[in-house]
Amino acid sequence: EEIRERWCAVCLPLNWALTLTVKLPDIPEEDLADFLQIEAERGFAYGPEDLMVAHSRFATAKGEKFATLVGIPRDHVTRLEAVLLAAQLRPITFSIGLTALQRADTEAADGTLALLAGESALGMQISCGGGVAMLRTIDGAYEQAGAERELQTDHIARELRITLGQLQPDIRDAVKRVRVFGRSEIATQLAEELRGPAQGW
């Protein structure tokens, strides 16, 4: 059947994203945009004209405020826009799929570790205090065994431990639940593994 709708929302691959978390100083609200721009220029290996940057702000239980900066190379988005234009599609918004599935701004004090089972890697998001505290991919989550993919549970558990260990203690302690997104058998298996006996993370 012919698709008549031309407007579309586009999910960008998580592995395009560069991330950086910074502590917010006690400065007036109107000065925070300039502060975050300077931090992005210092923290990312791109000039400001080569990177599209968004941020998500969150707070710890102790009231400390942070921002996670997410940068996408502008060239990636420009090429994607050209493909969409050639297909006569008109994007109205670009976002990272996992952040759309797990809305960080709905988080209260308790945090959530969200996992999205992709074709070749796991997407991972930790949100708490009203924003995204961590965003990354876990490569090597599967191993090909003939026509099937096998979940590498030990590797995933190790990567989760490493990621949680890199967080501020207040943020790590706030993570109280895990959500798994995806309709594949891998996603179902991952949910079962995480629901079972503790994996040591």
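Under the 3.5 Å distance criterion, the side-chain polar atoms of Lys62 are left unmatched by any main-chain donor or acceptor of Ala59. Glu150 places no side-chain N or O within donor-acceptor distance of the main-chain N or O of Glu148, the cut-off being under 3.5 Å. Without hydrogens or angle criteria, Gln125 side chain to Gln102 main chain gives a donor-acceptor distance under 3.5 Å. Using a distance-only test at 3.5 Å, with no hydrogens or angles considered, no donor-acceptor pair links the side chain of Arg179 to the main chain of Ala114. When atom types are taken as modelled, the side chain of Arg57 and the backbone of Gly131 share no donor-acceptor pair closer than 3.5 angstrom. Using modelled atom types, one side-chain atom of Tyr142 and one backbone atom of Gly118 make a donor-acceptor pair closer than 3.5 Å.
What you find for Thr68 and Val132 is that their closest heavy atoms are OG1-O, 2.5 Å. Across all non-hydrogen atoms, the minimal contact from Ile171 to Ala133 is CG2-CB, 3.9 Å. Contact detail for Ala67 and Leu24: the closest heavy-atom pair is CB-CD2, 3.8 Å. Closest approach of Ile186 and Ala117 over heavy atoms only: CG2-CB, 4.3 Å. Taking each heavy atom of Cys8 and Leu89 in turn, the nearest pair found is SG-CB, 4.1 Å. The minimum heavy-atom distance between Ala17 and Val70, with the atom names listed, is CB-CG1, 3.9 Å.
Here the straight-line distance linking atom OG1 of Thr163 with atom CZ of Arg172 works out to 11.5 Å at 0.5 Å rounding. Separating the CZ atom in Phe35 from the CD atom in Glu30 is a distance of 15.0 Å, to the nearest 0.5 Å. Taken from CZ in Arg149 to OG in Ser120, the straight-line distance is 8.5 Å, to the nearest 0.5 Å. Residue Ser127 holds its OG atom at 11.0 Å from CZ of Arg103, rounded to the nearest 0.5 Å.
Atom CD of Glu185 sits in a sparse spot, with 12 or fewer heavy atoms from other residues, nucleotides or ligands closer than 6.0 Å.
Looking at Asp139 and Asn15, their side chains never come closer than 4.5 Å, going by heavy atoms from C-beta outward. Taking the side chain as every heavy atom from C-beta outward, Met52 and Phe94 never approach each other to under 4.5 Å. Counting heavy atoms from C-beta on, the side chains of Leu18 and Tyr46 come closer than 4.5 Å. The closest side-chain heavy-atom distance from Leu122 to Leu190 is below 4.5 Å. Counting heavy atoms from C-beta outward, Leu115 and Leu194 have side chains that approach closer than 4.5 Å. Contact check for Glu159 versus Met124: no side-chain heavy atoms found under the 4.5 Å cut-off. Looking at Leu32 and Ile27, their side chains come closer than 4.5 Å, going by heavy atoms from C-beta outward. Proximity of Glu81 to Val77: side-chain heavy atoms (C-beta onward) are separated by under 4.5 Å at one or more points.
No salt bridge links Asp154 with Arg158; every basic N to acidic carboxylate O contact stays at or beyond 4.0 Å.
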Evaluate side-chain contact (heavy atoms from CB on, under 4.5 Å) for Lys23 paired with Gln168, printing each intermediate quantity in order. CA-CA 11 Å; Lys23 186 173 182 179; Gln168 295 279 342; over 6 Å; no
Are Asp50 and Arg74 close enough, and set up right, to give a side-chain contact (heavy atoms from CB on, under 4.5 Å), and what steps lead you there? CA-CA 5 Å; Asp50 298 323; Arg74 189 177 299 275; 5.5 Å; no
